[in-house]
Each structure stands twice: as C-alpha cells, then as structure tokens.
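A note on names: the letters A, B, ... follow the listed sequences, proteins ahead of strands, and every chain is numbered from 1.
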There are 2 protein chains.
Amino acid sequence: MNTEDKPELDGTTEQKIKAAAKKLFTQKGYSAVKTREIAAEAGINLALLNYYFRSKEKLFELVMADNFITFVDGASHIINNETTTFDKKVELLAAHYIDILIENPDVPRFVLNEIQNHPEKLAKAMSAKLDIFNSIIMKQLSEEIQKGNMMPVNRIHFMINIIGLAVFPFAAKPLLVKVGQINESTFVALLEERKLLIPIWIKNMYKPKEMN
Amino acid sequence: MNTEDKPELDGTTEQKIKAAAKKLFTQKGYSAVKTREIAAEAGINLALLNYYFRSKEKLFELVMADNFITFVDGASHIINNETTTFDKKVELLAAHYIDILIENPDVPRFVLNEIQNHPEKLAKAMSAKLDIFNSIIMKQLSEEIQKGNMMPVNRIHFMINIIGLAVFPFAAKPLLVKVGQINESTFVALLEERKLLIPIWIKNMYKPKEMN
DNA sequence: GTCTATATACGGATAGAC
DNA sequence: GTCTATCCGTATATAGAC
C-alpha cells in the first residue's frame with residue numbers, strides 16, 4: 001500500500017477512483033461523501049466504483065488504512081531510531097509531523113473522527129505499528145531523567161505534549177482563520193517557526209531548576 | 001461523563017428533541033445522523049421533529065451554535081477579566097477547558113469537523129464572540145514581556161499552546177486508549193494532573209534565562 | 001400537539017449492452 | 001473495462017386523522 005498517491009489525474013481507473021475517494025473521505029468523512037461524488041471527482045462512471053472496489057465501505061477502509069499509516073508510520077521510525085540522540089528525536093518528531101501535515105492537512109481531523117466512528121476498522125488499519133511505550137525514545141527519556149538533564153516526567157504527558165504542540169495548529173486552523181484572521185501564508189510561516197520552537201519549548205518545560 | 005445517559009427524558013417535547021439531536025450530532029456529525037434516530041433517542045414521533053424544527057438542517061444549526069458557544073464562551077470571560085493576574089488567567093484557562101471538555105468530550109471533534117464542513121453556518125453560530133487578540137490577557141502578556149518576566153513570544157503561538165495543551169488530549173483520547181492502553185480512570189487522572197501542570201509548563205516555556 | 005401513512009427524492013449497488 | 005438504465009432500500013419531509 002503506497003502512502004504517497006497524491007491526486008492522480010492520470011493513472012489507471014482504479015488509481016483515479018482511489019485518489020478521488022481519499023481526497024473526499026479525508027475532507028468530509030464517510031457519511032458525508034456519496035459514491036456518485038467520488039465517481040464525478042475521479043471522472044469515471046459510478047458503476048466502475050463497484051466494479052473495482054465492490055462497495056463504498058471497502059473503498060473507505062483502504063483510505064482509512066492509508067491515512068492512519070500517514071499519521072503513525074514515519075513517527076515510529078523516528079522514535080525507534082537506534083543512532084539519534086534524544087534531543088534529535090524530539091526535533092525530528094516535531095518537524096516530521098508539521099511537514100507531513102502540511103502535505104496532508106485534513107488527516108488529523110479524519111483520524112480523529114473515524115477512530116471514533118469506526119473503531120472496529122481501526123484494527124485492520126493499524127497493523128501492529130507504533131508501540132510508543134516500548135520505543136527507544138522512551139528509554140532515552142528515562143536516561144535523561146536519571147542523568148539529571150530533565151525533571152521527572154510522566155511519559156504519557158511527554159508524548160501528548162510533543163505531538164499536540166505539532167498537530168494542534170492543524171486542527172485549530174479553521175478557527176485561527178476565522179477568529180484570528182490568519183491567512184494561508186501566515187499560517188505556513190507559523191508552522192515553520194514551530195518546527196524550531198517546539199524542541200526548545202519541550203526542553204524548557206522539563207529543564208531542571210539550576211539554582212536554588 | 002454523561003456520554004451514556006439519555007438526555008432529558010423529561011422536559012417539553014421540544015427540549016427532548018433538541019437534547020437528543022445535540023447528543024447525536026455532536027457524537028457523529030450531521031450526515032451520519034438520521035432524523036429517525038433522533039426521534040427514537042428522544043422517544044418521540046418522527047413527525048414531531050419537523051413540527052418543531054422544520055428541518056434536520058435547522059435543528060443542526062441550533063446544535064452547532066450551542067456547541068460553539070460551549071467552546072468559546074467561558075474562555076472569553078476568563079481572558080477578559082479585569083481583575084485577575086496574567087498567571088491566574090493561564091491557570092483558569094487550562095482548568096476551564098479541561099473541566100468543560102470532561103463534561104463535553106465530543107465537542108472538540110464536533111467543532112473541528114463542522115467548521116470545516118459547514119463554514120457558512122459558522123457566522124450564525126459565533127455572534128461576535130471572542131476577539132482574542134484585543135483581550136485583556138494579551139495586554140497583560142505584553143506587560144509581562146516588557147517587565148522581563150517572560151521571553152518575547154508570538155501571541156498566536158502562546159494561545160495555541162495553552163489551548164492545545166488542554167484540548168489535544170481529548171482529541172487524542174481514542175488513540176491513547178488504543179495505542180497507549182489508557183483506561184477511563186487513568187485518563188481522568190491524567191487530565192487532573194494537566195490542570196496543574198499546564199500553567200507550570202507554560203511558565204517554563206517562556207521563562208527568561210536568569211543567568212549569563 | 002401527536003400520531004400514522006405516504007409522497008418524493010436520494011444513495012448504494014447491479015444487470016446487461018457494447 | 002466501461003457505459004446506461006434501473007432496482008430497491010432508506011431518508012427527509014408532509015398530509016391529514018385524531
């Protein structure tokens with residue numbers, strides 16, 4: 001399964017349908033998308049959707065797996081790298097999420113929703129990926145604390161904080177645009193700043209008090 | 001944690017319908033909810049839904065406004081309070097969001113989705129609320145920086161960080177449960193910790209270097 | 001105000017021609 | 001493989017009895 005099909009304007013009919021479905025399902029969710037809409041977006045006939053994918057639901061499951069992988073796959077490589085330092089992992093993790101979500105801005109909302117609405121499909125989608133709490137970064141976190149480089153820290157809070165600081169702006173984007181008068185280029189600039197700032201913030205959050 | 005109990009089984013018919021609609025729309029989104037489902041949940045006849053609210057869409061707009069207000073209304077009081085200190089506002093804001101989302105855990109996902117899917121309805125829903133960037137807390141933030149109590153900080157990042165640290169766990173909850181093996185009571189305990197920790201984290205993130 | 005019955009449209013899926 | 005035409009269940013909404 002290729003995580004990297006972008007909207008395929010050409011390609012096989014099968015690929016066009018899948019790309020159209022991914023775009024629409026990711027933007028609007030399962031129920032809001034009509035099969036006729038997918039067919040129109042793909043520029044093909046409605047009957048071909050069922051010919052290739054049997055049903056709307058099967059097609060959706062493929063999209064869900066794809067999106068879920070987008071969200072967790074790269075991250076698992078980073079947090080389990082044997083050679084990078086702890087600080088480097090924090091830096092890479094923040095940058096990774098921001099970069100991947102710039103390319104796939106609707107994925108967080110999609111994952112959120114469909115995990116709630118179709119929990120039974122999640123098992124299919126996540127094939128034993130992502131055992132965060134037995135990852136290398138967690139071992140390194142314990143070491144940093146033991147060495148006195150960081151204050152003691154709940155590992156769950158720690159992971160929520162890194163990922164949340166990176167992901168939340170994408171979730172909040174529509175609100176930022178409406179309420180905060182942020183435009184597209186301002187938003188991107190903000191994200192680039194955050195790539196640099198998040199590792200610093202994390203460092204500061206858990207920095208041990210140096211003077212008493 | 002009222003996710004399980006039937007909303008308003010007493011009250012007027014109109015109230016019962018509205019409460020049922022709010023519960024279902026908030027959990028599943030507009031398209032996934034059927035009017036028959038709302039009627040059943042409210043324990044009334046389908047025809048009464050249209051009798052009181054004309055259409056599914058009108059009913060949805062009411063729910064949307066309600067949920068949007070849940071999300072922004074209390075916050076606007078906190079950030080514009082004339083008497084509380086800056087630190088106190090940070091503390092109240094984090095606690096406010098965590099408390100209100102414990103009671104309304106589905107609201108963040110709902111707001112996220114429906115802002116995306118029905119942006120045209122947002123104008124109706126937000127009645128000129130929430131002008132964050134002209135709020136008291138923003139003035140106080142400038143003062144703190146001027147007094148040297150904080151490092152210079154982009155106000156947008158600052159607001160994203162406070163709200164994100166409070167709200168993101170609710171968005172991530174299904175993932176935490178699946179991937180992180182978090183159960184309900186662990187989750188609540190985590191949230192209570194975060195009420196105390198977020199103000200400290202924010203303080204540390206922006207603490208000026210004290211020694212050179 | 002509340003119900004039953006129904007009009008009308010829509011959406012997923014398939015049959016069958018080419 | 002791709003199309004047109006259509007089946008059939010479901011969804012929103014309303015008519016009209018009580």
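Aromatic rings of B:F71 and B:F110 (six-membered ring for Trp) have centroids beyond the 6.0 Å cut-off, not under it. With ring centers used as reference points, A:F60 lies under 6.0 Å from A:F25.
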Checklist outcome for this item: Protein heavy-atom contacts under 4.0 Å, written 5' to 3' over nucleotides 7-14 of chain C as B (base), S (sugar-phosphate only) or - (none), form the string ----BBBB

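Taking a cutoff of 4.0 Å between a charged side-chain nitrogen and a carboxylate oxygen, B:E41 and B:K16 do not qualify as a salt bridge. Taking a cutoff of 4.0 Å between a charged side-chain nitrogen and a carboxylate oxygen, B:K195 and B:D99 qualify as a salt bridge.
At a cut-off of 3.5 Å, with distance as the only test, a side-chain donor of B:R194 or A:N161 sits close to an acceptor on the other residue.
Using a 4.0 Å heavy-atom criterion, one finds that B:F53 contacts no nucleic acid atom at all.
At whole-Å resolution of the value, CD in B:E37 and C1' in D:dA11 are 12 Å apart.
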